[in-house]
Student: 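I'd like to ask you about the structure that follows.
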Amino acid sequence: MSGFDQALLDEADETVRVRLIVNGRKVACEVAPRETLVDCLRNQLELTGTHAGCEMGACGACLVQLDGRAVHSCLMFAVQADGAEINTIEGLTESGVMADLQAEFHRRNALQCGFCTPGMLINAQELLSQLAQPSREQIRDALSGNYCRCTGYEAIVDAIDAVAKARSGGGGAT
Amino acid sequence: MSAPLTSLDRPNSYIGRSVPRPNAKRLLAGRGRYISDLKLPRMLHAAFLRSPHAHARIVVIKTGEARALEGVHLVATGADLAEICTPWVGTLDHFKGMTSSPQLPLPLDRVVWAGQAVVAVVAESRAIAEDALELIEVDYEDLPLVVDIDAARQAGGPVINPGTANNVCFRSQLDSGAVDDAFANAAHVVEEELSFGRHTAVTLEPRAIVADYDPSAGMLTVHHATQTPYQFQDLYSRHYGIPEARVRVIATDIGGSFGMKLHVYHEDMAVVGLSILLGRPVKYVADRIESFVSDIHARDHRVRARMALDAKGEILAMDVVDLTAIGAFSTYPRTSVVEGNQVIRLIGGPYRFKNYRATLEVLFQNKVQTSQYRAVGHPIACAVTERLVDMAASKVGLDPFAIRALNVIADDAYPQTSPTGYRFEALSHQVCLKRLHQMMNYDALRAEQADLRKRGVYRGIGIATFIEITNPSPAFYGVGGARISSQDGAILSLTPSGEVRCMISVTEQGQGTEAIISQIVADQLGVAQEHVKVVTGDTEVTPHGGATWACRGAGIGGETALQATRALKRNILEIAALILQEQPSALDIIDGQVVDATTRNQRLPISEIARIAYFRSDTLPPGTQAQLTVSHHFAPQGYPFAFTNGIQGCVLEVDVETGFIKLLMHYVVEDCGRIINPMLVDEQLRGGVVQGLGAALFEECRYGDTGQLMNGSLADYLVPMSVEMPDIEIAHVETPTADTALGAKGVGEAGTAAASACVLNAVNDALAPFGATINSIPITPTIVLKALKRF
Ligand code: FES
Ligand code: FES
């Protein structure tokens, strides 16, 4: 097509080496500059627990922990994450840091198809790290970037509420 | 709660118990296996060039540069795929006179909606495939287009399908007679025209497919994010000419479906063809904008309706015209007229009147197809009916509860046939009305509303009664000639170590199919639920069946599992009786142990029976052939559908300065017959309600004058998020269907059926002091301000 810039295609072919600590392990990937972090995690590292629902920061399905904070892996290029420490749902499950949240989601059926769930859990974990005893309103507010089409959100709110109480009552995982 | 089948005190009694879903743990650990996660050896990726025009002739397609790009394996146009794929037509025989043009994976010479896939590229990666799309040049010649309903009906206007006289896909009429007389003699008549915008499913995981054709074996394997693998096995086999037994469709974890993932999509058919052409696995996952422009949309109706009442407020008659525009084709194989057909048949459903007349006109337009999405037709029928009932109440001077109590079919008046021909076995409107009244604390709410009004706070209370079609028999699609099963099948085995494996045709999309099937099997056999493994969603393994649509999973799939389990239990007890030298009828199974039926004394674990049958058949009496695998099919008989019923209520607040609406509380009373897992039923209802609330307030596919979708992203198309949603309180009434031993009916669509009607009534209630009314959905702030004449 006239006007199409061949240089762009050449650029697309270039790769850059990025080094990350993913779920506690050092990894290196060759990524194209245009490749997003979610694509790198899913396609190159085969960590498919991180999902993509909108690829524009609206749905929260792609949340991961980057240097300890929840970030949208769809809004970041993989090259931007160079040197970062990333935890995905797989690593967070193995380490057991949110086992209580996962158990409570399970007990209350706070998921249906489960596609939003990894992002929901990562957001819930983030919320509880910022605010030990959020009100239901605050929980609903904190989840307002996490789209779930299946549940009515209420069981998710209930589950997070219950874990918040258990954790601040002591005895819960931190 | 009376439960004659089981009592929850008995061991292994799982029917009626809230147990968590076994498969949910995987999903919580990020170990879901969605089709979008799948990677196969030598897999390639497809991307599609889409039409920028809503209606245009394709003059020429230039693909040379794209083909030359490194990493590109195939560039295919409509003509390439037409050589191997036969066209399909989205009509059903029982919709007399229905028309729709033949469709192919990619168009040959004309595009009919903006976003239609035109050219496919297959490459090493999705990124390379998308790069190649940029190198393709298509020359189009604009054709006159039809965007809205009025334009579609205009005589002498553009006609979308060549060779036809107009844009009418289907017309239908219902008339039970004497409607004009009823209106002439009525004390009161209310009338309204209501319009319903287009919205779409917005599953969080978009459509995804990996087709894998192995030419050496002549075998096609399709990993397909669908609800209905058997339907697609049939379609891929017939349209690509591959013997059915050599087509395998696997549907593992599905990231939401809601009816959207059971239609034939052009891209999906194309991907199968591309894999056949290449002899390699080809993957396609729609991105979000592709979902918005190519997933089916739903609703898009304009309904004019009148209701006649006597002086006391009893409904005498209804007269309805439903116009609906469905896009350029009718979908395949279920058609796009089912929604309109259900709208005109469900209107008035809960009420006792006799005289009904309805006209349905289904029209083509240059937009993506509309078709079945959760609660097909129900929200529209419910909103039309319930709005008119509320209008009538205020005209007659009755409270919304009182007018419904006066008019619903009495709980002791069943069986009943509706004026539209639906047969109701047993419904519970009166009980449900009373329950909702208590649950909402209605009188207190009204008092509070009046108080707040004095202070300039405008709250609205809305209620809506509904019926829902579930457990569809062959009368749904089968009679129309569609190869869509209304029966389901199960294969149940006792494993050598005494566990149970159930392979069943109903599928799981997160609603809990696998959990409830394992509950039924464990309950009926007498084993612990964790010893039952349920396998779904693989046509090579599970028997043919309808799978999950139209609320048939529990009612039909569950009954299939129940009957299969009873058969397996008979077989196990027969062998046990031989071993124990007893009569089978003297034995039972509890907790995996064969027991004496009367004393409940343990006799033998079923694992021992399995061991003997599989490994030491020499010790069984001569002639014994142990049948520890049973296969069983079940098709509904009796009533063509199991109708459910219920009522919803909501409380909301309208900010009359900004037009914003805040949902405060939502209530549901629902009767889905026998409840298998109350927690899952509640969560189905809540999810369904939220989809209805989204439709009521936010969701709309907005098109510009040139037929472009204007809001095809999750930033522009508003979906309900947690912060806008209220808590949802739920209560149940249980009227099991006598048509099955299980007694279960469906519940997946009940939440969606009445939620938007409730909101419509509540908003109108809130605006009543201003004399303002609203008659369209979604109810956006602009609509509210317009009604208040403040915009
Ligand atoms: S995929 Fe990142 S927010 Fe939706
Ligand atoms: S459980 Fe399906 S999107 Fe949340």
Side-chain angles (χ1 to χ4, degrees), chain A residues 1-2 4 8-9 12-13 32 34-35 42-43 46-59 61 88-90 92-93 102-103 105-118 121 136-137 139-157, chain B residues 20-21 24-34 36-37 39 62 65 69-70 127-128 131 134-137 201-206 253-258 287-288 509-512 679-680 682-691 713-715 719-725 727-728 751:
Chain A
M1 188 196 267
S2 56
F4 188 81
L8 280 180
L9 286 186
D13 287 340
R34 63 179 170 179
E35 192 171 339
R42 287 176 51 80
N43 300 337
E46 301 190 340
L47 292 166
T48 53
T50 303
H51 297 148
C54 67
E55 296 178 282
M56 62 181 302
C59 76
T88 67
I89 184 69
E90 290 91 344
L92 294 166
T93 302
Q102 287 164 310
F105 268 57
H106 185 237
R107 202 168 75 75
R108 294 173 185 268
N109 200 47
L111 71 157
Q112 289 187 23
C113 78
F115 202 78
C116 68
T117 311
L121 287 167
R136 287 177 72 81
E137 270 314 293
I139 297 172
R140 284 194 180 272
D141 199 48
L143 294 183
S144 61
N146 283 79
Y147 174 43
C148 177
R149 187 53 147 183
C150 305
T151 71
Y153 296 108
E154 193 168 332
I156 298 173
V157 175
Chain B
R21 290 156 49 205
K25 281 200 176 143
R26 269 193 313 110
L27 306 178
L28 282 157
R31 288 173 175 265
R33 291 185 309 270
Y34 302 91
S36 48
D37 300 336
K39 208 186 221 181
K62 295 175 199 151
E65 275 190 64
L69 188 69
E70 198 176 313
I128 295 172
D131 288 343
E134 306 256 0
L135 302 173
I136 297 170
E137 200 180 332
V202 203
T203 59
L204 191 49
E205 184 195 33
D253 294 323
I254 313 297
S257 47
F258 317 114
D287 66 22
R288 188 53 64 187
Q509 293 93 45
Q511 65 278 73
M679 173 170 72
L680 299 188
D682 287 0
E683 292 313 311
Q684 274 287 296
L685 282 166
R686 291 203 171 94
V689 165
V690 166
Q691 286 191 10
S713 85
L714 272 178
V719 288
M721 301 299 269
S722 63
V723 74
E724 293 115 7
M725 290 298 109
D727 281 344
I728 300 163

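Numbered from 1 within each chain, the chains take letters A, B, ... in sequence-line order.
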Student: Rounded to the nearest 0.5 Å, what separates atom CG in A/D141 from atom CE in B/M721?
Tutor: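 A/D141 atom CG to B/M721 atom CE measures 11.5 Å (nearest 0.5 Å).
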Student: Side chains of A/M56 and B/S713: does their closest heavy-atom pair fall under 4.5 Å?
Tutor: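 Yes. Closest side-chain heavy atoms under 4.5 Å.
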Student: Taking all non-hydrogen atoms of both residues, which atom of B/V202 and which atom of A/Y147 are closest, and how far apart?
Tutor: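 Scanning both residues, the minimum pair turns out to be O-OH, 2.9 Å.
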Student: In terms of heavy-atom pairs under 4.5 Å, which option from A/I89, A/L143, A/N109 contacts chain B the most?
Tutor: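 Option with the top pair count is A/N109.
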Student: For A/S144, which atoms come within 4.5 Å of any heavy atom of chain B: side chain, backbone, both, or neither?
Tutor: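 It is both, since atoms from each part get that close.
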Student: Is chain B contacted by the side chain of A/L121, its backbone, both, or neither, given a heavy-atom distance below 4.5 Å?
Tutor: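 For A/L121, side-chain heavy atoms alone lie under 4.5 Å from chain B.
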Student: May I ask you to name which of A/T117, A/L111, A/L47 has the most heavy-atom pairs under 4.5 Å with chain B?
Tutor: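 Sorted descending by pairs with chain B, the first entry is A/L111.
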Student: Please look at B/Q684 and chain A and tell me whether the side chain, the backbone, both or neither of the residue comes under 4.5 angstrom of a heavy atom of that chain.
Tutor: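 For B/Q684, heavy atoms of backbone and side chain both lie under 4.5 Å from chain A.
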Student: Taking all atoms of both residues into account, what is the closest heavy-atom pair of B/L714 and A/A58, and its distance?
Tutor: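 Looking at all heavy atoms of both residues, the shortest contact is CB-CB, 3.9 Å.
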Student: Enumerate the salt bridge (Lys or Arg N to Asp or Glu O under 4.0 Å) contacts for residues 25-34 of chain B, please, sequence neighbours excluded, ordered by first and then second residue.
Tutor: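 Listed by first then second residue: B/R26-B/D253.
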Student: Checking B/V689 against chain A: side chain, backbone, both or neither under 4.5 Å from a heavy atom?
Tutor: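 For B/V689, there is no contact with chain A at all, as no heavy atom is under 4.5 Å.
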Student: Which bit of A/Y153 is near chain B, if near means a heavy-atom gap under 4.5 Å: side chain, backbone, both or neither?
Tutor: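 Only the side chain of A/Y153 comes within 4.5 Å of chain B.
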Student: Partners of A/A142 by side-chain contact (heavy atoms from CB on, under 4.5 Å), sequence neighbours excluded?
Tutor: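 A/L127.
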Student: If you tally heavy-atom pairs under 4.5 Å against chain A, which of B/L204, B/L680, B/V690, B/L27 wins?
Tutor: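 Going by pairs under 4.5 Å, I would pick B/L204.
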Student: May I ask you to name which of A/E46, A/R42, A/E35 has the most heavy-atom pairs under 4.5 Å with chain B?
Tutor: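 When all of A/E46, A/R42, A/E35 are compared, A/R42 has the most.
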Student: Relative to chain A, which segment of B/A201 carries a heavy atom at a distance below 4.5 Å: side chain, backbone, both, or neither?
Tutor: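 When you check distances to chain A, only backbone atoms of B/A201 fall under 4.5 Å.
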Student: In terms of heavy-atom pairs under 4.5 Å, which option from B/I728, B/D682, B/D727 contacts chain A the most?
Tutor: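 Most heavy-atom pairs under 4.5 Å with chain A: B/D727.
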Student: Looking at A/T48, is its backbone amide N or carbonyl O close enough to the side chain of B/Y34 to form a donor-acceptor pair, meaning the two atoms are under 3.5 Å apart?
Tutor: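 Not at all, since once roles are kept as given, no pair shorter than 3.5 Å links the two residues.
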Student: Please look at A/R107 and chain B and tell me whether the side chain, the backbone, both or neither of the residue comes under 4.5 angstrom of a heavy atom of that chain.
Tutor: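 It is the backbone, since no side chain atom gets that close.
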Student: Hey, is the main chain of B/E683 close enough, under 3.5 Å, to the side chain of A/Q112 for a donor-acceptor pair?
Tutor: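 Indeed, once roles are kept as given, a pair shorter than 3.5 Å links the two residues.
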Student: With only heavy atoms counted, which part of A/H51 is less than 4.5 Å from chain B, the side chain, the backbone, both or neither?
Tutor: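 The side chain, not the backbone.
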Student: Do A/R149 and B/P720 come within less than 4.5 Å of each other through their side chains, counting heavy atoms only?
Tutor: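 Yes - at least one pair of side-chain heavy atoms lies under 4.5 Å apart.
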Student: Please flag which part of B/V723 lies under 4.5 Å from any non-hydrogen atom of chain A: side chain, backbone, both or neither.
Tutor: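 B/V723 touches chain A through backbone and side-chain heavy atoms alike.
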Student: Under 4.5 Å, counting heavy-atom pairs only, tell me which of A/P118, A/C54, A/A103 racks up the most with chain B.
Tutor: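 The residue among A/P118, A/C54, A/A103 with the greatest pair count is A/C54.
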Student: For the interface with chain A, which of B/S257, B/G32, B/A127, B/G751 has the highest count of heavy-atom pairs at distances below 4.5 Å?
Tutor: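 Of the candidates given, the most pairs with chain A belong to B/A127.
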Student: Which heavy-atom pair separates B/D287 from A/E55 by the least distance, and what is that distance?
Tutor: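 So the two residues come closest at CB-OE1, 4.1 Å.
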Student: Where on A/R108 is there a heavy atom nearer than 4.5 Å to chain B: the side chain, the backbone, both, or neither?
Tutor: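 Just its backbone gets close to chain B.
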Student: When only pairs under 4.5 Å are counted, which of B/E70, B/M725, B/M679, B/R21 shares the most heavy-atom pairs with chain A?
Tutor: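 Heavy-atom pairs under 4.5 Å are most numerous for B/R21.
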Student: Could you tell me which non-hydrogen atom of B/G30 sits nearest to which non-hydrogen atom of A/E90, and how far apart they are?
Tutor: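 Shortest heavy-atom separation between B/G30 and A/E90 comes out as O-OE2, 3.9 Å.
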Student: With a 4.5 Å heavy-atom cut-off, do B/S722 and A/N146 have their side chains touching?
Tutor: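 Not touching, per the 4.5 Å side-chain cut-off.
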Student: Using non-hydrogen atoms only, which part of B/Q509 is less than 4.5 Å away from chain A: side chain, backbone, both, or neither?
Tutor: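 For B/Q509, backbone heavy atoms alone lie under 4.5 Å from chain A.
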Student: Tell me, for B/S36 versus chain A, whether the close heavy atoms (under 4.5 Å) come from the side chain, the backbone, both or neither.
Tutor: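 When you check distances to chain A, atoms from both the backbone and side chain of B/S36 fall under 4.5 Å.
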Student: Checking A/Q102 against chain B: side chain, backbone, both or neither under 4.5 Å from a heavy atom?
Tutor: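 Both parts, backbone and side chain.
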Student: Looking only at heavy atoms, which two atoms of A/C113 and B/G256 are closest? And how far apart?
Tutor: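 Where A/C113 meets B/G256 most closely, the heavy atoms are CB-N, 3.4 Å.
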